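Please read through the structure below; I'll follow up with questions.
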Amino acid sequence: MSVITRFAPSPTGFLHIGGARTALFNWLFAQHHGGHMLLRIEDTDRARSTDAAVAAIQDGLHWLGLDWQGEPISQFARAGRHAEIARQLLADGKAYHCYCTPSELAEMRETAKAEGRSLRYDGRWRDRAPDEAPKDAAPVIRLKAPQSGATVINDLVQGEVTVQNTEMDDMVLLRADGTPTYMLAVVVDDHDMAISHIIRGDDHLTNAIRQRQIYDLMGWTAPHFAHIPLIHGADGAKLSKRHGALGVEAYRDMGILPAALRNYLLRLGWSHGDDEIIESEQAIAWFDLDGVGKSAARFDIPRLENLNSHYIRSMDEGELCRLLGAQLQHSLDRDLSPVELDRLPLAIGALKERAKTLIDLADKAQFLVAGRPLAMEEKAAGLLTGDAPALLASAHVCLQSVAEWNLDALTAAVRDLAETEGLKLGKLAQPLRAALTGRNASPGIFEVLFFLGRQESLDRISDHMA
RNA sequence: GUCCCCAUCGUCUAGUGGCCCAGGACGCCGGCCUCUCACGCCGGAAACAGGGGUUCGACUCCCCUUGGGGACGCCA
C-alpha cells in the first residue's frame, strides 16, 4: 500500500506554528515511505475562510520547504459529493432527519450540564416516524450511531483509545441548508483521496472516534490515525495570539532560517536517541511515528535560536551573503554601494560566528555600511577618552605606511605598534575598535581593518585622533 | 460537569524491568582560550509529581491521587 498523507488546515489565518509541525510530520512520513503528501483546504465554513489565508498557508509551506502533490484541494468544492454520502446513509437507514431547533439543542445542553451528564444530543428524532415532521422546517441529517458497545481506534502515537458508545451522540452530517459538516467532509475526503495515514494534532483525538463511526457505517476501511501532541507556549498554556509570534512568517521576520525551524519543530515531540542536529535528508531517513512522544511540548525560543545559529554557520556563504545584503538593504532602506557589497563576502565568515539570527547578523554587519562620522555607542565613546586620541594618531601614521593591506601585514603592523608603545594589545585594539565600528564588540580588529579597506579605515581613525 | 489523553533536570528529550545513586541538548553558573564579542574547549548546579501494589529487582508494568491538556457546535 502506498503512503499518502495530507495536511488539512482551515484557511482562517496564517500557517500556525503547530500547523507547520503537523505539515512537517506529514511530509517527513510520506517522504520516508516513498509516498506523498496532499494539501487540502478545509474551507467548508464559508464565513471564516479567506483566499488571503489560503495564500498565506501556501507561502508558509513553501518557505519552510515543504511541498505537496498536485493542486490544493478545496473541501468546499466537494460539497455535492459529501451530501451524496449523507443521503446514501439516510437511504440505508443509517442516518435520519432531525428537526430540533438551535434553541431546543441549547436547552438540552444546559439541562445536561445542570444534571452533570455529558453534553449530548438525546436522539429524540432518531426513531420518530417521518409523518411527525414539521411541515415548514428544514431538517439536518444525523448519523444513527451505535448505542451500545464501544468504538476503538488504534492510534499509531496514542495507542488504543476506546470510548463507550453511550458517551457519544448522533452527530450532524448535513446541515439544514444542505451543506456538509466537517465531520462528514473529512471522512469522505480522506476516503476518496485514498489517504493512508492521518497525522494531525491530538485535539482531534476524540473526533477520530466519531469519524470511525462513519467509516464503519459506510463499510469503509479507516486510514491509520496518528495524533501528535500539541505545542504549548513558553508558559505551558495553549499557544495563542497572546504569545506573540505564531505564524511561520513571524519567525522568518525574526531572521530564523527554514532549516533551523524545521530541525527545531522536528525535535519538538520527536526524537532519535540523543541526536539534535538533524538536517532534512537525515530526517527523512530516520523519521517514523514510533519516535513521536505522547506529551505536549513547550515552545522555547532560545533553543530555536541556538539551532538557528548553527544553520547560519553551516550554510553556504554565498547564499548567506545574499540574505545579509537583503536584510541590510531592508534595515537601511537603501541599496548598498558596490564598495559595501564587496565587503560582505570578506566579512561573512567572521560575522556568522557571532549571529543568532539574520537580524542579528545584519546588526553586527552594521559597521560595514555605516557612514562617517560613525554613530558611537556609549561604551565605545568611553574607549575614546584619555590618551586614546593620541594613540589613534600613532596608529594612523603606522597604518598609513602598511604596504600591502592584508591580514598578515595589518596584524604585524598593529602588534608592532603596541610593542613600541609598550602597551598590551588590548589597550590599542579597543580604541581602534571603537573608532572603526562605533562599538565595543566586533570581529577581530585586524579583520575589521581588512574588511573596511585602507581608505575607509584611515578615515574613520582620523575622525577620532588627536 | 462528562469523556479522552498526558506526566524524567527551568525547557526539549534518552531511557521499553537489572547497563541508571538516570544520559544528551538548550539555557544558567565557573574556568580556559583571548585585542572585545562570539566560536571552541573543560567543569558545575539541575529531574524520574505523590501514594499504593506486582516483582528477587522498578524511571520503566498495574491501580489510585494530584497536576496539565484536549474534546463535548447545524466551527474546523
Side-chain angles (χ1 to χ4, degrees), chain A residues 8-12 42-45 47-49 75 98 100-102 105-106 109 112-121 138-142 155 157-159 161-164 166-169 171-177 179-183 185-186 201-207 209-210 227 229-230 232 234 236-238 264 267-277 293-307 309 313 350-356 364 379 383 414-415 418 424-430 432-434 437 439-446 448:
Chain A
S10 58
T12 52
E42 313 242 299
D43 52 359
T44 52
D45 183 347
R48 292 203 285 172
S49 301
Q75 186 158 67
C98 167
C100 281
T101 61
L105 291 168
R109 264 178 230 118
K113 193 166 191 172
E115 293 174 7
R117 291 179 289 114
S118 65
L119 283 30
R120 286 171 281 143
Y121 167 67
V140 299
I141 293 179
R142 282 184 186 272
D155 195 276
V157 171
Q158 306 290 341
V161 179
T162 305
V163 175
Q164 296 304 313
T166 50
E167 294 300 327
M168 297 197 287
D169 61 3
M171 72 191 106
V172 173
L173 301 175
L174 211 62
R175 300 186 185 106
D177 65 2
T179 59
T181 59
Y182 162 77
M183 218 57 83
V186 206
D202 71 9
D203 48 337
H204 283 286
L205 190 54
T206 51
N207 287 338
I209 297 286
R210 311 188 126 235
H227 289 91
L230 265 17
H232 289 167
K238 191 180 173 184
Y264 178 72
R267 282 288 289 103
L268 213 53
W270 178 86
S271 61
H272 182 271
D274 284 338
D275 296 300
E276 301 289 351
I277 301 290
K294 299 170 95 172
S295 53
R298 299 188 186 202
F299 203 86
D300 188 42
I301 299 280
R303 170 90 169 187
L304 208 209
E305 289 186 334
N306 173 269
L307 245 11
S309 65
R313 273 176 271 145
L351 256 19
K352 71 179 183 181
E353 295 295 326
R354 298 166 166 79
K356 288 197 187 314
K364 293 192 161 70
K379 283 178 180 167
L383 293 169
V414 176
R415 282 195 188 281
K424 292 188 77 173
L425 184 56
K427 281 290 182 191
L428 175 58
Q430 282 303 77
L432 269 175
R433 189 182 319 280
T437 70
R439 305 204 179 167
N440 64 334
S442 79
I445 199 62
F446 316 125
V448 168

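Keep in mind that what you see is a predicted model, and the values were worked out from it rather than measured. Per chain, numbering begins at 1; letters A, B, ... match sequence-line order. These numbers come from the heavy atoms of this one structure, side chains and all, not from hydrogens, waters or symmetry mates.
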Inset, instruction - Report which part of the nucleic acid His204(A) touches: base, sugar-phosphate, or nothing (heavy-atom distance under 4.0 Å, all strands). - result: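 Counting heavy atoms under 4.0 Å across all strands, the contact made by His204(A) includes a base.
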Inset, instruction - Scan Thr162(A) against the nucleic acid and name what it touches under 4.0 Å (heavy atoms): base, sugar-phosphate only, or nothing. - result: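 Sugar-phosphate only.
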Legend entry - Reference residue Asp169(A); test salt bridge (Lys or Arg N to Asp or Glu O under 4.0 Å); the match among Arg120(A), Arg142(A), Arg210(A), Arg109(A):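 Checked Arg120(A), Arg142(A), Arg210(A), Arg109(A) against Asp169(A); only one passes salt bridge (Lys or Arg N to Asp or Glu O under 4.0 Å): Arg210(A).
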Legend entry - Heavy-atom donor-acceptor pair, Lys356(A) side chain to Ser309(A) backbone, under 3.5 Å: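 No; judged by distance alone, with no hydrogens or angles, the pair does not exist.
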Legend entry - Pairwise P distance, C48(B) and C9(B) [rounded to whole Å]: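 Taking atom P in both C9(B) and C48(B), they lie 7 Å apart.
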Inset, instruction - Considering only atom P, compute the distance from G18(B) to U60(B) and round it to an integer number of Å. - result: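 Approximately 12 Å lies between the P atom of G18(B) and that of U60(B).
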Legend entry - Contact under 4.0 Å: Arg120(A) side-chain N or O vs C3(B) OP1/OP2: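 Indeed not, no polar side-chain atom of Arg120(A) lies that close.
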Legend entry - Ion pair check, Glu276(A) and Arg303(A), cut-off under 4.0 Å: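 Yes, Glu276(A) and Arg303(A) are salt-bridged.
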Inset, instruction - Look at all strands and tell whether Thr179(A) reaches a base, only sugar-phosphate, or nothing, counting heavy atoms closer than 4.0 Å. - result: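 Contact class for Thr179(A): none.
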Legend entry - Candidate nucleotides C5(B), C74(B), A76(B), ranked by approach to the side chain of Val161(A) - the nearest: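 For Val161(A), the side-chain atoms sit closest to C5(B).
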Legend entry - Separation between the P atoms of G17(B) and C12(B), rounded to whole Å: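 Roughly 25 Å separates the two P atoms.
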Distances under 3.5 Å between protein N/O atoms and the N/O atoms of nucleotides 58-67 of chain B, please, pair by pair.
none

Legend entry - Phosphate OP1/OP2 of G70(B): any Thr206(A) side-chain N/O under 4.0 Å: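 Answer no for this pair, as no side-chain N or O of Thr206(A) is under 4.0 Å from OP1 or OP2.
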Inset, instruction - Sugar-phosphate atoms are those with a prime plus P, OP1 and OP2; base atoms are the rest. Using that split, label each nucleotide of nucleotides 38-47 of chain B B, S or - for protein heavy atoms under 4.0 Å, 5' to 3'. - result: SSS-------
Inset, instruction - Classify the nucleic acid contact of Pro443(A) as base, sugar-phosphate or nothing, counting any heavy atom under 4.0 Å across all strands shown. - result: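 Base contact.
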Legend entry - P spacing across the pair C56(B) / A14(B), given as an integer number of angstrom: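 My reading of the P atoms in C56(B) and A14(B) gives 30 Å.
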Inset, instruction - Could you tell me whether the phosphate oxygens of G27(B), OP1 or OP2, come under 4.0 Å of any side-chain nitrogen or oxygen in Asn306(A)? - result: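 Affirmative; the distance criterion is met.
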Can you check nucleotides 10-14 of chain B for protein contacts, nitrogen or oxygen pairs under 3.5 Å, and list what you find?
{"residue": "C12(B)", "atom": "OP1", "partner": "Arg298(A)", "partner atom": "N", "Å": "2.9"}
{"residue": "C12(B)", "atom": "O2'", "partner": "Arg267(A)", "partner atom": "O", "Å": "2.9"}
{"residue": "U13(B)", "atom": "OP1", "partner": "Gly269(A)", "partner atom": "N", "Å": "2.6"}
{"residue": "U13(B)", "atom": "O3'", "partner": "Ser271(A)", "partner atom": "OG", "Å": "3.1"}
{"residue": "A14(B)", "atom": "OP1", "partner": "Ser271(A)", "partner atom": "OG", "Å": "2.6"}

Inset, instruction - From the options G27(B), C5(B), U36(B), select the nucleotide whose nearest atom is closest to the side chain of Pro302(A). - result: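 So the side chain of Pro302(A) is nearest to G27(B).
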Inset, instruction - Would you state whether a donor and an acceptor, one from the side chain of Asn207(A) and one from the base of A76(B), lie under 3.5 Å apart? - result: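 Yes, the side chain and the base share a sub-3.5 Å donor-acceptor pair.
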Legend entry - U8(B) versus G23(B) - spacing of their C1' atoms, nearest Å: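 Looking at atom C1' only, U8(B) and G23(B) are 11 Å apart.
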Inset, instruction - Please report, rounded to the nearest Å, how far the P atom of U36(B) is from the CG atom of Leu351(A). - result: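 From Leu351(A) CG to U36(B) P: 18 Å.
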Inset, instruction - Output yes when at least one side-chain N/O atom of Arg109(A) is less than 4.0 Å from OP1 or OP2 of C72(B), else no. - result: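 Checking Arg109(A) against C72(B): no side-chain N or O falls below 4.0 Å of OP1 or OP2.
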Inset, instruction - Identify whether any heavy atom of Met183(A) sits under 4.0 Å from a base atom; if not, whether one sits that close to sugar-phosphate; answer base, sugar-phosphate or nothing. - result: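 It contacts base atoms.
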